[in-house]
Amino acid sequence: MHFMNKSNPIGVFDSGIGGLTVVKELNTFLPRESIVYFGDTARVPYGSKSNSTVIEYALQDAGFLMKKNVKMIVVACNTVSSVALDVLREKFDVPIVGMINPGAKAALSSTKNKRIGVIGTDSTIGNAAYSKEILKSVVSAKIFEKACPLFVPLAEEGWTDHEATKIIAREYLSELSQEKIDTLILGCTHYPLLKDVIQEAVGNEVKLIDSGGAAATVVEDYLQGRNLLNDNAEKRADLFYVTDMPRKFTFVAERFLGRKIPNIMKIDLDEIR
Ligand code: DGL
């Protein structure tokens, strides 16, 4: 068993910078835990790729974090969580938390009428990851899923309140609203940035579930239960690794994290292959 020390960091990875929304949640729930983040910005997006490619990349991404001596891994990417979690758990000897189970559980505790909507990338929706997870515990639930691929570039463009985004949101979400859902899972790293527009499109009576926030509470419970919470008064600075730094990168990344990012390092893809 990989040696786990309380003061070791939590590893978090994503296909790109979207997972910083999950780091933001972890920073809020667990302010003393230090994070090592890996974002595969050279190969993003994963959401439109085949399962086998996503699995291959996910193994490399998690392998990189393992070399940083992480005490656990949080798979911030919903696409990776949908297709690669079992393979990752088989291969790596640390606890691995994904987005699907925490998001599904949070939705089940929120819904009253058991009619739940799920939005995500083509891959997450195509694999029916959330439906399968929800139906495992409540067979009578009715799940309505919709891929919303255009939300990713809109969030990165910062069009969080733009008329174009509102039109696209209405177009994507009107079917779900007609199904009388009372709960909607934001099953993609980027969607929390668009939550106001999404809420407006589905109406205030629908409760939005942020899988990243739900996962942060699972991580907290897990570390607490195993006496692995960092009890040093000081935490080490979070570290951020990416495989490419395109133009505007820092600006967009800081919007997702909600604060300045002082320690970003670019690594070569050859280092993880
Ligand atoms: N991080 C991805 C997810 O949560 C969205 C971006 C991508 O397609 O890679 O599914």
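Order of listing sets the numbers, starting from 1, for every ligand and every atom in it. Note that the structure is a prediction, hence the values are computed from the model and not measured.
The closest non-hydrogen atom to atom 5 (C) of ligand 1, taken over Gly16, Gly39, Cys188, comes from Cys188. In this structure, of Gly47, Cys77, Gly19, Ser15, the residue bringing a heavy atom nearest to atom 8 (O) of ligand 1 is Gly47.
Of all atoms in ligand 1, listed by their number and element, those nearer than 4.0 Å to a heavy atom of Asp14 are 1 (N). In the vicinity of Thr121, heavy-atom distances shorter than 4.0 Å reach the ligand 1 atoms 5 (C), 8 (O), 10 (O). Close approach of ligand 1 to Val44 (heavy-atom distance below 4.0 Å) involves ligand atoms 9 (O).
Considering backbone and side-chain N/O of Ser48, none are found under 3.5 Å from N/O of ligand 1. At least one N or O atom of Asn78, backbone or side chain, sits closer than 3.5 Å to an N or O atom of ligand 1.
Within a 6.0 Å sphere centred on NZ of Lys114, other residues, nucleotides and ligands contribute 12 heavy atoms or fewer.
Aromatic ring pairs are classed by plane angle as parallel below 30°, tilted from 30° to 60° and perpendicular above 60°; the pair Tyr46 and Tyr57 is tilted. Taking the six-membered ring where the residue is Trp, Phe240 and Tyr37 present tilted rings, their angle falling between 30° and 60°.
Between Leu229 and the choices Arg32, Lys6, Glu33, the side-chain contact (heavy atoms from CB on, under 4.5 Å) rule is met once, by Glu33.
For Glu200, there are no side-chain hydrogen bond (donor to acceptor under 3.5 Å, both in side chains) partners at least two apart in sequence or on another chain. Partners of Tyr241 under the ring pair (Phe, Tyr, Trp, His ring centres under 6.0 Å) rule, at least two apart in sequence or in another chain, are Phe64.
Under 4.0 angstrom from ligand 1, there are no non-hydrogen atoms of Val80. For Thr189, heavy-atom contacts with ligand 1 shorter than 4.0 Å involve the backbone as well as the side chain.
Of the protein's heavy atoms, Thr79 OG1, 2.6 Å lies nearest to atom 10 (O) of ligand 1.
Between Gly63 and Phe92, the shortest heavy-atom contact is N-CZ, 3.6 Å.
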